[in-house]
Protein chains: 2
Amino acid sequence: MPLTIIDSAHNCRGCLLAEGLTNKQRQQLSMIIHAKRHYQRNEKIYHIADKIKSVYLVQQGSIKTEAITYDGRPVVTGFYFPGDLFGFDGIGDQGYLCDAVAIENTLVCEIPFQKLTALCTSVEGLQHQLFMLMGQRIGSHDHALIMMHNMSAESRLCRFLTIYHERMKKHTENQDAVVFLPMNKDDIARYLGLCPETLSRVLSRLVNKGVIRRHQRRLELLDIDTLYELAS
Amino acid sequence: MPLTIIDSAHNCRGCLLAEGLTNKQRQQLSMIIHAKRHYQRNEKIYHIADKIKSVYLVQQGSIKTEAITYDGRPVVTGFYFPGDLFGFDGIGDQGYLCDAVAIENTLVCEIPFQKLTALCTSVEGLQHQLFMLMGQRIGSHDHALIMMHNMSAESRLCRFLTIYHERMKKHTENQDAVVFLPMNKDDIARYLGLCPETLSRVLSRLVNKGVIRRHQRRLELLDIDTLYELAS
DNA sequence: CGATCAATTGAGTGTGTTCAATGTCAGTGG
DNA sequence: CCACTGACATTGAACACACTCAATTGATCG
């Protein structure tokens with residue numbers, strides 16, 4: 001079974017970068033892929049201030065990126081799941097701004113950025129796709145910024161859940177109102193800008209309201225409408 | 001005098017996109033520039049959800065981008081000054097995510113994104129520069145996100161001031177410890193995620209501490225070291 | 001079954017918000 | 001020249017929400 005995954009990596013199937021490319025172009029793309037490898041839970045894919053410029057694709061598993069605030073606290077700046085590209089924070093001129101860490105056992109494929117941009121000059125569809133993805137990335141972070149502004153803990157969590165749920169519905173065959181969270185609660189708290197206790201309290205409150213049901217990392221979204229309402 | 005500005009627009013001098021290009025390449029770049037025009041205070045350069053894809057360069061003046069939170073409050077997502085490119089939030093597939101609004105009378109040059117990327121395939125230095133700028137943009141917003149996490153009102157303001165001061169020192173001949181803020185206080189408050197009253201209080205506190213001195217929109221940074229310390 | 005560690009709950013505190021009152025300034029008209 | 005007006009900035013008091021620290025409960029493993 002892992003073989004098929006490795007194989008699909010070779011052919012760049014399912015990779016957002018390869019979308020709209022011909023088979024031949026996909027082959028060209030797969031040629032420049034530097035490495036595909038497994039990472040253990042908590043293993044780092046890259047470190048803050050690393051100068052090696054690559055973008056990475058999550059094949060299987062999940063990734064978080066985390067940075068350190070000016071007063072020394074760890075902050076989670078993003079989560080990435082199969083099909084997602086990450087590492088764009090390293091494209092600027094000061095190296096990576098985050099650590100990228102595997103949340104679980106994860107298969108990642110590395111794409112050297114310089115080779116990628118070189119290929120872009122000959123494969124126009126690829127350039128377009130890359131600009132799009134970077135644009136979307138900029139957009140999604142504007143989104144995150146907006147979210148941080150004066151939203152209550154409850155709103156933040158509900159929004160996180162709805163976004164995560166939509167993401168999973170779109171990319172997996174699972175269409176249920178159930179989500180599995182591969183990351184632990186502390187990571188979610190650091191992502192939402194809350195302390196773990198507050199997150200715990202909000203979760204309990206949502207359970208009491210009958211909006212969700214919990215079985216450790218498996219969440220049932222009982223009342224999606226209210227979830228969306230609370231996410232305002 | 002405005003003539004020289006228009007002229008420099010034609011030659012793309014001072015434009016971050018044109019950095020490292022030959023004169024001939026700059027000419028090619030200036031050919032695709034769609035429009036250069038003046039905007040009045042509070043005039044919009046583009047609107048949320050606009051599908052027309054362009055990036056814009058501030059020639060003179062200043063720009064803010066603002067969005068609406070899920071509960072209907074306006075949020076300022078960024079400020080842009082001469083030499084800055086803005087409009088990257090519209091590159092994704094869902095149109096612009098913000099309104100771009102002139103803070104004062106402002107001269108802006110519009111660069112259609114499609115033509116720009118088409119030119120990128122032939123002018124490699126331009127492609128590199130564009131990727132870099134988008135990468136930096138992603139990085140700076142990661143930065144902003146980190147900043148929002150659990151920082152006190154005072155820290156946020158001090159960080160804003162130091163960043164703004166460094167920006168102005170780099171891009172203008174003015175090397176004094178003085179900054180002019182073209183935007184009004186409400187905009188700063190909406191950018192920092194504070195209410196205007198809190199911003200006012202923090203400013204007063206900084207004056208009392210002897211860190212800054214105020215004359216309406218002109219701020220003297222009396223004690224830059226403490227300013228940096230407080231920005232932690 | 002007890003030990004260990006994580007997760008939850010509770011009490012108290014701090015910081016920013018809200019709403020209201022006061023102060024400041026520019027522009028207008030008597 | 002001075003009082004009046006309206007917009008905006010500042011200050012004050014009360015409140016709400018999330019944080020901190022501590023205690024309790026729950027889960028996992030030997």
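Proteins get letters first, then strands, A, B, ... in listed order; numbering begins at 1 in each.
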Set of salt bridge (Lys or Arg N to Asp or Glu O under 4.0 Å) partners for [X], sequence neighbours left out:
X        : value
B/Arg41  : none
A/Arg214 : none
A/Asp187 : A/Lys64, A/Arg190
A/Lys44  : A/Asp99

For this session: Could you tell me which residues satisfy side chain to side chain contact (heavy atoms under 4.5 Å, CB included) with A/Asn208, sequence neighbours excluded, listed by chain and number?
Result: none
Seminar exercise, completed: In short, salt bridge (charged side-chain N to carboxylate O under 4.0 Å, His left out) pairs touching residues 223-232 of chain B with sequence neighbours left out are none
Problem set entry | salt bridge (charged side-chain N to carboxylate O under 4.0 Å, His left out) contacts in which one or both residues fall within residues 78-96 of chain B, not counting sequence neighbours | B/Asp84-B/Arg167
Exercise. What string of B, S and - do you get for nucleotides 25-30 of chain D 5' to 3' if you count protein non-hydrogen atoms under 4.0 Å?
Worked result: ------
Problem set entry | Contact state string [nucleotides 5-18 of chain D, B base, S sugar-phosphate only, - no protein heavy atom under 4.0 Å] | -----SBBB----S
Problem set entry | Partners passing ring pair (Phe, Tyr, Trp, His ring centres under 6.0 Å) against A/Tyr96 (at least two apart in sequence or in another chain) | A/Tyr46
Pairs of donor and acceptor atoms involving the side chains of residues 194-205 of chain B, under 3.5 Å and at least two apart or interchain, shall be tabulated with distances.
residue: B/Ser204; atom: OG; partner: B/Ser200; partner atom: O; Å: 2.9
residue: B/Arg205; atom: NH1; partner: B/Glu154; partner atom: OE2; Å: 3.2

Exercise. Quick one: how far along DNA chain C does chain A reach, first to last nucleotide 5' to 3', anything under 4.0 Å to a heavy atom?
Worked result: C/dT8 to C/dT17
For this session: Could you tell me if the ring centre of A/Tyr80 sits under 6.0 Å from that of A/Tyr56?
Result: no
